[in-house]
Amino acid sequence: MDAIIAYFSTIPSSHRSLILVGGITFFWLLENAFPLFNFTYKKWHHAGINIFMTFTTIVVNFCLAFILLKTADWTITNNFGILQWLPEMSLWLYALVGLLLLDLIGAYLVHLVEHKTKFLWRFHLIHHTDTWIDTTTANRHHPGESVIRFTFTAMGVLIIGSPMWLVFLYQTLSVVATQFNHANISLPKKVDTFLSYFIVSPDMHKVHHHYVLPYTDSNYGNIFSIWDRLFGTFRTLPKEEIIYGIDTHPNPEEHNELKNLLKIPFQKAPLKENK
């Protein structure tokens with residue numbers, strides 16, 4: 001555990017970039033070999049849109065990273081936050097508790113709030129407009145949503161009292177987890193079901209991308225599936241019944257053109273509103 005702490009305390013930006021690119025590449029190849037759905041689409045055009053939004057997410061997080069650093073340092077210096085107030089425990093348990101809490105606030109809670117708040121939903125729905133869910137969809141976030149998610153992560157670091165090494169570890173696991181559960185891969189049903197009791201599996205998350213309620217408002221988790229099961233937002237749906245996208249933006253000129261995707265949060269809401 002000491003080696004993990006040492007590594008993530010000083011993890012170079014180049015290593016974090018390598019994990020991001022390596023994950024996309026690995027799952028991209030895997031989903032070509034073992035696809036869940038056989039899409040007929042311009043894969044590189046689709047990937048180009050999603051990778052552009054991944055890049056904007058990186059830029060937002062890079063520009064605001066100093067806030068996380070300052071917040072984490074302040075909590076440790078001032079002995080503030082849940083982790084600082086808990087009784088002494090092993091480092092492994094400390095890390096697990098911290099990861100669970102960061103996932104609760106930085107992934108599950110912000111995701112839930114985005115779905116339940118009309119203004120925030122306007123930014124998040126860009127993620128749901130994708131009608132070809134694959135590993136590149138993982139970071140298909142409007143720049144505005146990237147700011148929203150960063151805000152919740154910073155709030156989580158403050159409330160939890162997380163040291164920076166744990167934040168970097170969480171962000172690394174979060175990147176790989178979201179690439180995995182968005183990947184267009186077909187796992188044996190029993191394997192996927194077993195995984196879904198502990199982490200967010202591909203089949204579990206695909207239900208969240210079904211185009212209509214109540215499935216859109218389910219399975220909010222990113223790393224751990226415990227929060228959906230605990231708070232009653234866990235749902236299942238046979239993959240044969242899943243239709244990707246969102247019912248308010250069904251046309252390709254709405255969901256498959258970068259310029260329009262960036263404008264959607266500022267456009268007049270359609271008459272048939274999902275939220």
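These numbers come from a predicted model, not from an experiment.
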- Does one side chain, of S201 or S196, offer a donor that lies under 3.5 Å from an acceptor on the other? no

- Query: Is the shortest distance from a Lys or Arg side-chain nitrogen in D228 or R235 to a carboxylate oxygen in the other one below 4.0 Å?
  - Reply: no

- Item | R229 to F224, cation-pi by 6.0 Å centre distance and 45° axis angle | no

- Flag the pair I160 / L102 as yes when at least one side-chain heavy-atom distance between them is below 4.5 Å, and no otherwise. yes

- Task: Give a yes or no on whether the backbone of I51 and the side-chain of T136 come within a donor-acceptor separation of less than 3.5 Å.
- Result: no

- Query: Are the side chains of K239 and S186 in touch, meaning some heavy atoms are under 4.5 Å apart?
  - Reply: yes

- Message: I'd like to know if the side chain of D192 reaches the main chain of D203, judged simply by a donor and an acceptor atom lying under 3.5 Å from each other, with no hydrogens or angles considered.
- Response: yes

- Residue pairs passing the salt bridge (Lys or Arg N to Asp or Glu O under 4.0 Å) test where at least one lies in residues 138-162, sequence neighbours excluded: E114-R149, D130-R140, E145-R149

- Query: Quick one: salt bridge (Lys or Arg N to Asp or Glu O under 4.0 Å) partners of K43, sequence neighbours excluded?
  - Reply: E31, D134

- Query: Is the shortest heavy-atom distance from the side chain of F80 to the side chain of W74 under 4.5 Å?
  - Reply: yes

- Counting N and O atoms only, with roles assigned by atom type, does the side chain of K206 sit under 3.5 Å from a partner on the main chain of I133, one being a donor and the other an acceptor? no

- Query: Are F55 and N139 side-chain neighbours, meaning at least one heavy-atom pair lies under 4.5 Å?
  - Reply: no

- Does some side-chain heavy atom of Y108 sit less than 4.5 Å from a side-chain heavy atom of N222? no

- Do the side chains of W132 and N256 get nearer than 4.5 Å, heavy atoms only? yes

- Task: Scan side-chain atoms only and decide if H205 and N219 contain a donor-acceptor pair under the 3.5 Å cut-off.
- Result: no

- Assess whether atom OH of Y41 is packed by more than 12 heavy atoms of other residues, nucleotides or ligands within 6.0 Å. yes

- Message: Any heavy-atom pair between the side chains of Y220 and H115 that's under 4.5 Å?
- Response: yes

- Message: Students often mix this up, so state it plainly: with edges at 30° and 60°, are the rings of F123 and F119 parallel, tilted or perpendicular?
- Response: perpendicular

- Item | Between H127 and H182, a side-chain donor and acceptor under 3.5 Å | yes

- Query: How about W85: does its CH2 atom have over 12 heavy atoms from other parts shown lying under 6.0 Å from it?
  - Reply: yes

- Message: Could you tell me if Q171 and R16 have a donor-acceptor pair between their side chains, going purely by distance under 3.5 Å?
- Response: yes

- So, H124 versus H111, ring centres under 6.0 angstrom or not? yes

- Message: With heavy-atom distances below 4.5 Å as the criterion, would you say the side chains of L86 and Y94 are in contact?
- Response: no

- Do you know the tightest heavy-atom contact between I76 and G161? CD1-O, 4.0 Å

